[in-house]
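To start, the structure itself, in structure tokens.
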Amino acid sequence: MELNIQAFGIAKDIVGGSEVQLQVNEKITAAELKKLLESRYQQLSKLSSFLLAVNDEYAEPEVVVNAGDEIAIIPPVSGG
Amino acid sequence: MTKIDIQILTTPLDVAACVNWVMAPESGGIDVFIGTVRNATKGKEVVRLEFEAYVKMAKKEMEKIAHQTIEKWPVNKILIHHRTGSLAIGEIPVIIAVAAAHRAAAFDACRYAIDTLKETVPIWKKEIFHDGEVWVAAHP
């Protein structure tokens with residue numbers, strides 16, 4: 001299935017835009033998606049850390065991602 | 001009474017308006033945290049900061065923080081305003097205002113709110129120097 005993935009902060013610089021599309025297996029988990037992103041965009045591994053958000057919630061590794069989910073790459077936050 | 005005011009704005013924040021919003025006759029103590037843009041980081045001069053937010057999720061996380069403060073302390077009102085965009089030295093990216101009957105809760109809740117915001121809310125700042133720019137905390 002195709003996923004739209006939003007990118008913020010330094011992740012935008014790394015993936016080359018505010019949104020990228022990825023073709024993935026059905027029933028992919030957040031952990032697997034994270035690994036896939038790291039392999040496709042190796043600069044992500046150089047970050048202190050990053051998380052994925054699925055439908056505006058930080059995703060636990062075992063969360064299953066479905067078509068149509070809103071997904072975002074969340075690099076280390078620095079608000080306030 | 002509306003206990004919670006969460007906003008992400010692109011215009012300058014208004015400290016007096018925020019304080020005014022949390023004040024109420026039943027509150028005897030107001031605590032306000034104001035974050036300001038500092039002129040230097042690790043001795044290097046900062047020209048300006050740029051703030052970016054994942055707005056939908058940031059508001060959700062800010063609401064969670066506000067609800068947590070109300071669960072943990074006898075908070076009457078809590079306001080969390082964050083600004084995005086380009087901010088000059090001395091400008092204000094964040095205001096947190098808390099009102100409670102007594103000051104202890106106001107102090108504790110306000111500190112908790114800013115400390116937690118800095119850990120969980122999907123907002124990012126980039127430091128702009130004369131010779132480059134850096135996303136804060138992105139790299140070890």
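Note on naming: letters A, B, ... go to the chains in the order of the sequence lines (proteins, then strands), and numbering restarts at 1 for each one.
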Of the backbone (N, CA, C, O) and the side chain (C-beta and beyond), which part of [X] lies under 4.5 Å from a heavy atom of chain A, both, or neither?
X	answer
Ala53(B)	backbone
His82(B)	side chain
Lys126(B)	neither
Val136(B)	both

Close side-chain approach of [X] and [Y], heavy atoms under 4.5 Å:
X	Y	result
Leu37(A)	Leu52(A)	yes
Arg83(B)	Thr11(B)	no
Leu3(A)	Leu33(A)	yes
Ile14(A)	Lys46(A)	no
Glu50(B)	Ile128(B)	yes

What part of [X] gets within 4.5 angstrom of chain B, counting heavy atoms only: side chain, backbone, both, or neither?
X	result
Glu57(A)	both
Asn55(A)	backbone
Phe50(A)	neither

(request) Go through Pro93(B), Gly35(B), Ala137(B) and name the one with the most non-hydrogen pairs under 4.5 angstrom from chain A. (result) Ala137(B)

(message) What I want to find out is whether Lys44(B) reaches Asp131(B) closely enough, with some N-O distance under 4.0 Å, to be called a salt bridge.
(response) yes

(request) Please confirm whether Tyr54(B) and Trp124(B) have ring centers closer than 6.0 angstrom. (result) no

(message) Heavy-atom pairs under 4.5 Å with chain B - which of Ala53(A), Ser49(A), Ser48(A), Ala11(A) has more of them than the others?
(response) Ser48(A)

